[in-house]
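Here the structure comes first, spelled out in structure tokens, and everything after it is commentary.
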Protein chains: 2
Amino acid sequence: MADHSAQSNPGTVSSARSGDDYIVPLCSVFRQHLHGENLKFTPERAQVLDAIIQMERVFEADELLFEMRRRKMRVSKATIYRTIRLLVDAGIIEQILYDQKQAHYRMAYGQAPHDQMVCVETGRVLDFSIPELVELRDRIAAEHGWSPVGHRFQIFAISPDSESAEPDAEDEQ
Amino acid sequence: MADHSAQSNPGTVSSARSGDDYIVPLCSVFRQHLHGENLKFTPERAQVLDAIIQMERVFEADELLFEMRRRKMRVSKATIYRTIRLLVDAGIIEQILYDQKQAHYRMAYGQAPHDQMVCVETGRVLDFSIPELVELRDRIAAEHGWSPVGHRFQIFAISPDSESAEPDAEDEQ
DNA sequence: GTGCGTGCAAAGACTTTGCACGTAC
DNA sequence: GTACGTGCAAAGTCTTTGCACGCAC
């Protein structure tokens, strides 16, 4: 497999199209999902989705709040948490786990691949896709009689830029 | 709880030997690690390690506390948390991530493989090992010029016993 | 019009920390 | 003897919830 790395560049989910192109379809997707659940499409929810789209990378609830404040969108923390949950339910974003401190999320709509490499020094994230992993997963699940519904593959590594650039004095006696 | 997972299959930490056999070497490992860091090997720390060994499965800090209380080991919650961190540093146990609610840990000393399958219905965990995954990981890291230090592979699936056996009224339509 | 949504602050779940006393080395 | 450890409770961090008012459908 020569080049399985879908996004050659660090961290960003979308590459070819600009952020704005997403807004219309994603709004529709979200609106439809809400409608299907008898929930309402409010300005606040639209703003949260909009802000997430603008972030174009992995984010935490807190970062989203901060970013929205910076952009003069006045939405409460509670609403952000509530909306994030709805967006996960709608399949528009997904939760990823780096640590148990706080939840991280990212866009899932554009079918971004699940696999990623995380730099243990800098926190930099590189997304990529390994199609065989799905086959592997299905095979293992089948061998045990389980029904696969998803998987997660993360590589922990040190990125080339962190070794050189970063002094990173953890403990110097 | 009956038999939380794994034992029957490849990948459990202990298979042939009984729990007690571990106590001596693990104590030594821990003691040496502490000594190397100029820390002390106290009865409390020994008890925490002992209790973890007896659990023989994935555990949470809270479960460990409960189990130790049950066995009349009087160790404070703070000490459990502090000792868990030391054991992770020593490489004796490792943290695994199911969700961000709380941290889960398991024995890492016997070089248990990192890969696992989690039942999204019951929480049952099945450990297994895929050697190719390490090669895959190393190859991908190398392709991008990163230095791999670890990985995590989790399959989310529905275990056969959960569909039939378990009522599990999460939502009963 | 009504029921779902929102903001606010308070509560909740898990983990860490400050302090005074205790103990392994 | 001393520096590290311990228990306790209080503080911290991230997330959820109760309530009164407001708005989308």
Side-chain angles (χ1 to χ4, degrees), chain A residues 27-28 30-52 58-69 72-90 93-105 171 173, chain B residues 27-28 30-52 58-69 72-90 93 95-105 123:
Chain A
C27 268
S28 303
F30 192 29
R31 182 175 248 142
Q32 280 178 31
H33 172 79
L34 290 173
H35 188 257
E37 307 258 317
N38 272 320
L39 301 174
K40 289 163 187 167
F41 185 73
T42 64
E44 287 86 357
R45 291 177 178 169
Q47 283 189 323
V48 171
L49 176 55
D50 189 30
I52 288 174
V58 170
F59 64 92
E60 309 162 19
D62 214 44
E63 293 175 340
L64 188 56
L65 176 65
F66 184 80
E67 178 64 14
M68 292 186 74
R69 288 279 155 80
K72 307 282 186 254
M73 295 164 149
R74 310 213 104 278
V75 173
S76 76
K77 200 194 302 184
T79 294
I80 287 182
Y81 277 108
R82 290 188 273 232
T83 305
I84 282 177
R85 179 176 287 181
L86 290 174
L87 287 165
V88 171
D89 290 345
I93 63 175
E94 68 184 346
Q95 200 181 54
I96 40 184
L97 282 84
Y98 294 144
D99 51 58
Q100 14 0 280
K101 266 304 175 201
Q102 67 246 38
H104 291 79
Y105 304 87
D171 50 359
Q173 310 294 49
Chain B
C27 267
S28 302
F30 191 29
R31 182 174 248 144
Q32 279 178 32
H33 172 79
L34 291 173
H35 188 258
E37 306 259 316
N38 272 320
L39 301 175
K40 288 163 187 167
F41 185 73
T42 64
E44 288 85 358
R45 290 178 178 168
Q47 283 190 323
V48 171
L49 175 55
D50 189 29
I52 289 175
V58 170
F59 64 93
E60 309 163 18
D62 214 45
E63 293 174 340
L64 188 57
L65 176 65
F66 184 81
E67 178 64 13
M68 292 186 75
R69 288 278 154 80
K72 308 280 186 257
M73 295 163 147
R74 310 212 103 280
V75 173
S76 75
K77 199 195 300 184
T79 293
I80 286 181
Y81 277 108
R82 290 188 273 231
T83 305
I84 282 176
R85 178 175 289 180
L86 291 173
L87 288 166
V88 171
D89 290 346
I93 63 175
Q95 201 180 54
I96 41 185
L97 283 84
Y98 294 144
D99 50 60
Q100 12 3 279
K101 266 304 174 200
Q102 68 244 43
H104 290 79
Y105 304 88

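As the structure is a prediction and not an experimental result, all values here were calculated from the model. We name chains A, B, ... by the order of the sequence lines, and we start the count at 1 in each one. Scope of the values below: all heavy atoms of this structure, side chains included, with no hydrogens, waters or symmetry mates.
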All N/O contacts under 3.5 Å from nucleotides 12-18 of chain C to the protein, with atom names and distances to one decimal?
residue : atom : partner  : partner atom : Å
C:dC14  : OP1  : B:Gln102 : OE1          : 3.2
C:dT15  : OP1  : B:Ala103 : N            : 2.8
C:dT15  : OP2  : B:Tyr81  : OH           : 2.4
C:dT15  : O5'  : B:Tyr81  : OH           : 3.3
C:dT16  : OP1  : B:Arg85  : NH2          : 2.8

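Expressed to the nearest 0.5 Å, how far CD of B:Gln47 lies from NZ of B:Lys72 amounts to 13.0 Å. Remark: A:Leu49 CG to A:Thr83 OG1 distance equals 9.5 Å, nearest 0.5 Å.
Counting non-hydrogen atoms of other residues, nucleotides and ligands closer than 6.0 Å to CZ of B:Arg69 gives a total above 12.
If you measure from atom CG of B:Leu39 to atom P of C:dT23, you get 19 Å, rounded to the nearest angstrom. Put simply, CZ on B:Phe41 is 23 Å from P on C:dG22, counting in whole angstrom units. Atoms CD (A:Glu44) and C1' (C:dG5) sit 7 Å apart, rounded to a whole Å. The interatomic distance linking A:Leu64 (CG) with D:dC14 (P) rounds to 15 Å, in whole Å. Between the C1' atom of C:dG22 and the CZ atom of B:Arg45 lies a distance of 14 Å, rounded to the nearest Å. Counting to the nearest Å, the P atom of C:dG5 and the CD atom of A:Glu37 are 10 Å from each other. Residue A:Leu34 contributes atom CG, which lies 14 Å from atom P of D:dA24 at whole-angstrom precision. Between B:Leu65 atom CG and D:dC8 atom C1' the separation is 13 Å, expressed in whole Å.
In terms of heavy atoms, A:Ile80 sits closest to A:Ala61 at CG2-O, 4.2 Å.
Two residues are said to be in side-chain contact when any heavy atoms from C-beta on lie closer than 4.5 Å; A:Met73 and A:Asp50 meet this criterion. A:Thr42 places none of its side-chain heavy atoms less than 4.5 Å from the side chain of A:Thr79.
In this structure a side-chain-to-backbone donor-acceptor pair under 3.5 Å is missing from A:Arg31 to A:Phe41.
Of all nucleotides listed (D:dA24, D:dT6, C:dT6), D:dT6 comes nearest to the side chain of B:Thr79. Of the candidates C:dT6, C:dG7, C:dA24, the closest approach to any side-chain atom of B:Pro43 belongs to C:dA24.
Between A:Ile80 and B:Lys40, the residue anchored closer to the 5' end of DNA chain C is A:Ile80, taking for each the nucleotide with the nearest heavy atom.
At D:dC4, none of the side-chain N or O atoms of B:Thr42 fall inside 4.0 Å of OP1 or OP2 (strictly under the cut-off). In terms of phosphate contacts, A:Arg74 brings no side-chain nitrogen or oxygen within less than 4.0 Å of OP1 or OP2 of C:dT6.
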